[in-house]
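In what follows, a single structure is set out as structure tokens and then discussed.
Numbering of ligands and ligand atoms starts at 1, following listing order. Every value quoted in this text rests on a predicted model; they were computed, and no experiment measured them.
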Amino acid sequence: MIILGIETSCDETAVSVVEASGRPNNTDSDPIFFKVLGQALYSQVKIHAEYGGVFPALAKREHAKNLSPLLEKVLEEAPVEKIKKNANFDQEKIKKILERETGLADDLLALVSRIDPPAIDAIAVTAGPGLEPALWVGINFALALGEVWHIPVYPTNHMAGHLFSPLISGGSFQFPVIALLISGGHTELVLAKNWHEHQVIGQTRDDAVGEAFDKVARLLGLPYPGGPAISLLAQEARNANVTAEFSLPRPMLNSGDFAFSFSGLKTAVLYLLKKFDDVNDDVRHQVAREFEDAVTDVLITKTQAALRAYNPKTLVIAGGVSANTHLRAAFTNLAKKYPDLTLLIPPAALSTDNAVMITAAAYIDLLAGRKPATIIHAQGNMTL
Ligand code: KG4
Ligand code: ZN
């Protein structure tokens, strides 16, 4: 089946068209396949960088501005058949659905008058977790589009998208699966017993790991988002054999559970920096390296504990922070110690937010018998 994906939970506006096939039937052996037919993504990071983080009202406005052009671009490139006869729809209803999204009703009505409806079977839209003002734009756009083209709309969980993201690049799951989901808003270890039963076995008590990267970057005077900036400095420090003259804490390393905490690490960096009269380039390199090492130690140790406790066949590392090269290398090394374990880390473009992973999560929901919705609420705190 062909699924259109829409993602607006944070600061990326993304649209995709994906062909999904395969029937797992709750067994570990039945694979699922995804073929990306088209995708387009507009990142707002440059716009938010000025504010040092994502500014929700601005994110909402940018999503509304970009959704319709992105959809047009995706439909132009995706080899999807067009249905020649445009079915009837109620223009006033579309305007009503999109009344709060500035300019979007006009954009969408203009677009659908220009193009023939595509033969798409389902629309998948992120309903949470994320920033609610941002989520609403995608939800209302999806509902309006479903109304125009008479396509069912499926509310989808963004974290399930991250969980299933490695499937898109050809990975396959052997259950049980342990997943470490690390992003700007989440840090959680998930146990998936089969395609449809997922349980969060541990999560952060305060800041997410991506948030810690972003906050520490800010302390170091680096631009938002902080992950790539810190990663670059840390890499330079390693290449030049620059080691830190101090050490940072590894929070909850030996807590004996799967919980995380990263706010103390950020505070430790804050106090550490106060000790330096001059936070120069050398200090920044040392902090970046030591911070990345501290985060890596914690994530590796906790994941290893989960491997011991659940003996999974597949380990997934996903979410924006899994784009980090040092972390990827550390997990690759860890996995070598477990010959029966398959490690799946999506390529960087699928690690960070995208709309392809949303179609994957929706397809798996659909296989479980999930019904489409005509009313969808944004759920900022939606859990897996
Ligand atoms: O999954 P994502 O794109 O959005 C959320 O759902 O939050 O993750 C964004 C987070 C940001 O905190 C960003 O700093 C972090 O992922 N990130 C990285 C790297 N690339 C992105 N963190 C560490 N190293 C990276 N290379
Ligand atoms: Zn995300």
*Between Lys60 and Glu101, is the closest basic N to carboxylate O distance under 4.0 Å?*
yes
_Show the atoms of ligand 1 that are less than 4.0 angstrom away from any heavy atom in Pro225._
14 (O)
_Tyr42 side-chain N/O to Glu62 backbone N/O, donor-acceptor pair under 3.5 Å_ = no
*List the closest protein heavy-atom neighbour of atom 24 (N) of ligand 1: residue, atom name, distance to the nearest 0.1 Å.*
Asn324 ND2, 3.0 Å
*asked:* Can you see whether Ser255 engages Lys302 through a side-chain donor-acceptor pair at a distance of less than 3.5 angstrom?
replied: yes
*Decide whether Ser263 and Asp207 meet the rule of one side-chain donor and one side-chain acceptor closer than 3.5 Å.*
no
*In Asp353, which N, O or S atom comes closest to the Zn ion (ligand 2)?*
OD1
*With no hydrogens and no angle check, do the side chains of Glu292 and Asn324 hold a donor and an acceptor under 3.5 Å apart?*
yes
*Measuring from the heavy atoms of His162, does anything fall under 4.0 Å of ligand 1?*
yes
*Heavy-atom distances under 4.0 Å are what count here, so tell me which part of Glu12 touches ligand 1: side chain, backbone, both or neither.*
neither
*Should the pair His158 and His162 be assigned to parallel (<30°), tilted (30 to 60°) or perpendicular (>60°) ring geometry?*
perpendicular
_Ala323, Ala208, Gly184, Ala234: member with heavy atom nearest to atom 7 (O) of ligand 1_ = Gly184
*Is any N, O or S atom of His158 under 2.8 Å away from the Zn ion (ligand 2)?*
yes
_I'd like to check whether Gly319 has a polar contact with ligand 1, where a contact means an N/O of the residue lying under 3.5 Å from an N/O of the ligand._
no
_Close side-chain approach of Arg284 to Val279, heavy-atom, < 4.5 Å_ = yes
*salt bridge (charged side-chain N to carboxylate O under 4.0 Å, His left out) with Glu147: which of Lys95, Lys93, Lys96?*
Lys93
*State whether the shortest distance between N or O atoms of Thr352 and N or O atoms of ligand 1 falls below 3.5 angstrom.*
no
*asked:* Given 3.5 Å as the limit, does a donor-acceptor pair link the side chain of Asp206 with the main chain of Phe262, or not?
replied: yes
_Taking the six-membered ring for Trp, are Trp195 and Phe175 closer than 6.0 Å centroid to centroid?_
yes
*N, O or S atom within His162 nearest to the Zn ion (ligand 2), by name*: NE2
*How far is atom 21 (C) of ligand 1 from its nearest protein heavy atom, and which residue and atom is that?*
Gly320 O, 3.4 Å
*Do Thr126 and Glu7 meet the criterion of a side-chain donor-acceptor pair at a distance under 3.5 Å?*
yes
*May I ask you to identify the nearest protein heavy atom to atom 15 (C) of ligand 1, giving residue, atom name and distance to one decimal place in Å?*
Val321 CG2, 3.9 Å
*Please work out which of Ser43, Gly161, Gly185, Gly227 has its closest non-hydrogen atom nearest to atom 23 (C) of ligand 1.*
Gly227
*For ligand 1, which atoms have a heavy atom of Gly210 less than 4.0 angstrom away?*
12 (O)
_Quick test of your reading of the structure: of Asp353, Asp11, Asp214, whose heavy atom lies closest to atom 14 (O) of ligand 1?_
Asp214
_Contact between ligand 1 and Glu292 is defined here as a heavy atom of the residue under 4.0 Å from a ligand atom; is it met?_
no
_Sub-4.0 Å atoms of ligand 1 with respect to non-hydrogen atoms of Ser183_ = 1 (O), 5 (C), 6 (O), 7 (O), 8 (O)
